[in-house]
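Proteins come first, then strands; the chains are lettered A, B, ... in the order of their sequence lines, and each starts at number 1. Everything quoted here is computed from the prediction, not taken from an experiment. Computed over heavy atoms, backbone and side chain alike; hydrogens, waters and symmetry mates excluded.
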Amino acid sequence: MTYLYDALRAEATELLATTGLVDAAEVSLAIPKNNIADLAFPVFAVAKARNAGNPNEFAKLLASEVEVSDDGLILAAEAAGGFVNFTVSPRAFAQAALTEVLSLGDAFGNDTQIGAGKRLVMEYSSPNIARKMHVGHLRSTVIGHSLHKIYQALGYEVIADNHLGDWGTQFGTLLAALDQWKLTPWNDPDPVQSLVEIYSRYNNEARENPALMDDARSWFRKLEEGDAWARQTWQRLIDITMSEFDATYARLGVTFDTTHGESYFEPMLNAVVQEAIDKGVATVESGGPVVVDFGDMLPSCLLRKTDGATLYQTRDAATCLYRWQTYGPELARNIYVVGAEQKLHFQQVFEIVRRMGYVEIADRSVHIPFGQVTDAAGQRFSMRKGTAIFLNEVLDEAIERAEAIIREKISEGKTELTDDAIASVREIVGIGGIIYADLYQGPDRNIKFDWERIMSFTGNTALYIQYTHARCRSILRDAGADFPPHHADASLLIEPEEQAVLKQLSRLPHVIREAGDKFLPATVAEWTYTLAQEFSRFYEKHKVLKAATPELRDARLNFVSAVAQGLKNGLALLGIAAPEKM
RNA sequence: GCACCCGUAGCUCAGCGGAUAGAGCAGUGACCUUCUAAGUCAUUGGUCGGGGGUUCGAUUCCCUCCGGGUGCACCA
């Protein structure tokens, strides 16, 4: 897909190449700082490579040799320091920019050729069955979901997998408790909460009475062996937990294509361990444990314990191989959105797979790590200490805070909304705020969970972007039958504020590609925020409905429509909704 | 001890080889009879953790030190 953004760069490159002073391949263009120009070519590297002397002089020479054409997008080339700066022709640029946004609509920014014919597996969220989702699950869910949207925009067939924690001795514990105490948590008002309490109570009692743990282990063994009641009850635990998780995902707008929990891979583990041994990747040590030694490269790890049980690494190696076998060579990437504390784990898993001879999938597997969510004092939230904040509580609180600000604006006479509209807008604003607070920054840092910051109602927030979108839609509503206009001449949009908005709009395709390359939704968040900011500056200074001429009014109506579209598309890539009115 | 991540304005973060280091919040001062002031404009605030090095040029790359976080086989 060739966008205006691409055409502009191609034209600048061509202009430079036709001077004969540089080759097209040597030209790498940058976006200038402080809006000095629209595109820049830093000549330093080329000047040096060609022994062309002083970069400032070389830039002057280049700029003087560039001959712009009358029907091109570029108006002029000027030297400034060691740069050749290009400025666009405002009318032609406005025309082209507006046309592509309005004609592509929801698809504006997408470049489906990039991923065409390629598949991509993404593992994210991955909570544990019989537990509550807490703030710690938010990051994986929200980052994963946004990347999911971004890769779809790039044309990949994305398979989102929720890798549930649905296996392990904790299920033996729960089965033992349910059996001994004859409990039916599925009939309780908050079944998952009951499971959490039952689990905790059983473990507490087991501290006094170690025989209880033997019972738990024996129930897990029965589960593994396929005991009918154990299997049926285990499935029931999954069902009641998933019905709660699904409700949370629905609030966040998150969906998955597969939910292959750890149990799904259980039957494959023995074969994987055996294959690793056969290929000399792992060795059986005296006493029985199966060890992988990476030499100086990485700390060694286990594929099988002395008691014969498998480990996390075993399961993830099996998962990785399963995906490669199931999704085939079209699988371009196997992505794990999992906390940074698992970094070493994934290095080990990918290296095991590589040493087993599956180099392609090892190369295509990537771990997207992110920092932890801590409390205001920088302490980790702990389930055990009871300091954990549950995800549903976070969402409830966000929605309440959103409603409070909405009602405040209504009471100040700033807006009018029906009760139905309030009910919808508070969700969009509250949940959007939570998502944006996580995505607007890169994933590496730890995040201090701070209500004042994540539910701020001013500045760089989802709310600001949503508000800007609502203002755009409001203008279009007020235009009534005049929108869409029959004839609109976008070349009238030559005010600096209009040009700034259009330039930002035209960069979305580039931003989506970059976000995909860097696995970084924050790139899209920043673009969307900047677009809202540029539009707000326009909005402050210029009138749309009361523009000086009917022609200008028509052009600006289309302009506003394009901005709304851009804001909506940007937010959608983050997994955030754009309200029509707020 | 070893490995990885982070350290940029009072606070939260962009920028990651190029032009005077940018936003938001907080502070100060303006702007609503005019399309939603949830906004806009102006302004205050920086030895880019310290020190070396590579480079025409370093917040950005390399080394080293300091501070904070995380991980380092029979948990996941």
Heavy atoms only, 4.0 Å cut-off, all strands: where does A/Gln533 land among base, sugar-phosphate and nothing? sugar-phosphate
Please tell me which of the listed nucleotides, B/U70, B/C35, B/A38, lies nearest to the side chain of A/Arg380? B/U70
What does A/Tyr539 touch in the nucleic acid at a heavy-atom separation under 4.0 angstrom: a base, only the sugar-phosphate, or nothing? base
When only distance counts, do a donor and an acceptor, one from the side chain of A/Lys343 and one from the base of B/U70, lie under 3.5 Å apart? no
Would you mind listing every salt bridge (charged side-chain N to carboxylate O under 4.0 Å, His left out) that reaches into residues 294-312 of chain A, with sequence neighbours excluded? none
Protein-nucleotide distance (A/Arg471, atom CZ; B/U34, atom P), rounded to Å: 14 Å
Under-4.0 Å side-chain N/O to phosphate OP1/OP2 contact, A/Lys543 with B/C35: no
Separation of atom CD1 in A/Ile406 from atom P in B/A38, rounded to whole Å: 13 Å
Using a 4.0 Å heavy-atom cut-off, write out nucleotides 9-19 of chain B from 5' to 3' as B (base contacted by protein), S (sugar-phosphate only) or - (no contact). ---SSS---BB
Per the glycosidic torsion and the 90° limit around 0, nucleotide B/C66 is anti
Rounded to the nearest Å, what distance is computed from the CD atom of residue A/Glu534 to the P atom of nucleotide B/A23? 11 Å
Need one value for A/Leu311: base, sugar-phosphate or nothing, where a base atom within 4.0 Å counts as base even if backbone is also close, heavy atoms only. sugar-phosphate
Closer to the 5' end of RNA chain B via nearest nucleotide, is it A/Val429 or A/Gln313? A/Val429
Looking only at N and O atoms, is any donor in the side chain of A/Thr458 or the base of B/C25 less than 3.5 Å from an acceptor on the other one? no
Interatomic distance, A/Glu497 CD vs B/C41 P [rounded to whole Å]: 10 Å
Between CD of A/Glu351 and P of B/A73 the distance, given in whole Å, is 18 Å
Gap between atoms CG and P, on A/Leu344 and B/A3 respectively (whole Å): 13 Å
Can A/Gln313 and A/Gln348 be counted as having a side-chain donor-acceptor contact under 3.5 angstrom? yes
Calculate the interatomic distance between A/Tyr467 atom OH and B/C35 atom P; express it in whole Å. 11 Å
To the nearest angstrom, the CD1-C1' distance between A/Ile454 and B/G24 comes to 16 Å
Which is true for A/Arg304 with a 4.0 Å heavy-atom rule: it touches a base, it touches only sugar-phosphate, or it touches nothing? nothing
Residue whose closest nucleotide on RNA chain B lies nearer the 5' end, A/Pro289 versus A/Asp478: A/Asp478
In the strands shown, is B/A42 matched to any nucleotide by a Watson-Crick or G-U wobble pair with both distances under 3.5 Å, and which? B/U28
When we call it a touch if two heavy atoms are under 4.0 Å apart, what does A/Gln348 touch: a base, just sugar-phosphate, or nothing? nothing
Give A/Gln372 one of three labels, base, sugar-phosphate or nothing, depending on what nucleic acid heavy atoms sit under 4.0 Å from its own. sugar-phosphate
Answer yes or no: side-chain N or O of A/Glu540 and base N or O of B/G39 forming a donor-acceptor pair under 3.5 Å. yes
